[in-house]
Amino acid sequence: MKNNNIITIDGPSASGKGSLAKALAKELDFILLDSGLLYRAYSYCFEQTQTHSAAKDLFSDLRVESVNHEMHVFENNQDITSILRHENIAKSASQLSSLQETRDNLMSFQRDLASDHGLVADGRDMGTVVFPDAGTKIFLVADAEVRAQRRFYELQNAGQGVNMRDLIEDIRLRDEADKARKISPLKPADDSIEVNSSNLTPQEVLEIVLKIYKENTKEV
Ligand code: C5P
């Protein structure tokens with residue numbers, strides 16, 4: 001049975017998943033799961049502990065909250081979300097995400113967010129592994145140059161100095177690793193719909209996906 005309370009959005013880095021997921025959560029008043037942020041938070045914990053069991057304990061002490069339809073992570077009441085958005089954390093999250101222990105340690109947290117309230121889940125394996133019964137599954141893609149440009153502006157706006165050439169290479173390597181890993185690789189679910197956001201505004205992407213969702217949930 002399909003669960004119409006869950007929309008999954010998977011795809012490579014900077015394909016526009018984050019903005020789409022946030023806009024959908026706002027429009028439908030759904031909870032947002034930014035699973036990439038959880039992988040970043042876990043890797044932040046692992047860096048301090050160096051073992052999975054201790055990282056799991058430290059992770060469970062973090063507070064994850066929805067602020068304005070966006071996921072935020074707090075450590076001792078301090079919002080550490082912007083720290084987790086740094087490129088160095090993205091690199092270690094990408095490495096750790098290929099390990100079964102990391103994925104196992106985050107699985108129940110992600111699944112527990114599903115409820116009657118509705119969930120938009122953004123990540124790499126939302127539609128394939130974490131929520132295989134989701135009623136609407138989107139695989140969002142965009143050309144590599146467009147994605148690098150988007151991430152460049154995102155990081156620049158966040159005050160992080162980045163070199164465009166390094167960024168293109170980093171994104172390429174992370175995407176390749178996400179696709180090639182044995183466990184939960186980045187790939188479209190068989191019942192997903194691919195949307196290419198390269199030449200679309202965020203509003204146009206939102207409208208396309210809302211139409212798909214409404215079609216899927218239409219009473220017959
Ligand atoms: O989406 P974001 O760039 O924040 O994700 C950081 C890293 O976490 C990704 O490069 C990917 O390796 C990993 N990730 C994952 N599975 C998810 C979400 C993120 O492996 N569902």
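In this text, all values refer to a predicted model and were calculated from it rather than measured experimentally. Numbering of residues begins at 1 and proceeds along the displayed sequence. Whatever order the structure lists ligands and atoms in, that order sets their numbers, starting from 1. The figures here come from the full heavy-atom set of this structure, side chains too, leaving out hydrogens, waters and symmetry mates.
Regarding atom 16 (N) of ligand 1, its nearest protein heavy-atom neighbour is R103 NH2, 2.9 Å. Closest protein heavy atom to atom 9 (C) of ligand 1: R124 NH2, 3.4 Å.
Considering backbone and side-chain atoms alike, R151 places every N or O at 3.5 Å or more from each N or O of ligand 1. In terms of N/O distances under 3.5 Å, ligand 1 is approached by R40. Note: no N/O pair closer than 3.5 Å links S13 and ligand 1 by distance alone. For ligand 1, the polar-atom distance check finds an N/O of S97 within less than 3.5 Å of one of the ligand's N/O atoms. Between S35 and ligand 1, at least one N/O pair is under 3.5 Å apart.
Y42 and H52 have parallel rings, their planes meeting at less than 30° on a 0 to 90° scale where 60° marks the start of perpendicular.
For F59 and F46, the gap between ring centers reaches or exceeds 6.0 Å.
Side-chain contact annotation: Y39 with R103, donor-acceptor N/O pair under 3.5 Å present. For the residue pair R181 / S97, a side-chain donor-acceptor distance below 3.5 Å is found, with atom types taken as modelled.
Atoms of ligand 1 found under 4.0 Å from any heavy atom of R181, numbered from 1 in the order shown, are 12 (O), 15 (C), 16 (N), 20 (O). Atoms of ligand 1 lying under 4.0 Å from at least one heavy atom of D178, given by number and element, are 9 (C), 10 (O), 11 (C), 12 (O).
Using a 4.0 Å cut-off between charged nitrogen and carboxylate oxygen, K91 and D170 count as a salt-bridge pair.
Residue K91 does not touch ligand 1, judged by heavy-atom distances below 4.0 Å.
To the nearest 0.5 angstrom, D57 atom CG is 10.0 Å from C45 atom SG.
Not a single heavy atom of K17 sits less than 4.0 Å from an atom of ligand 1.
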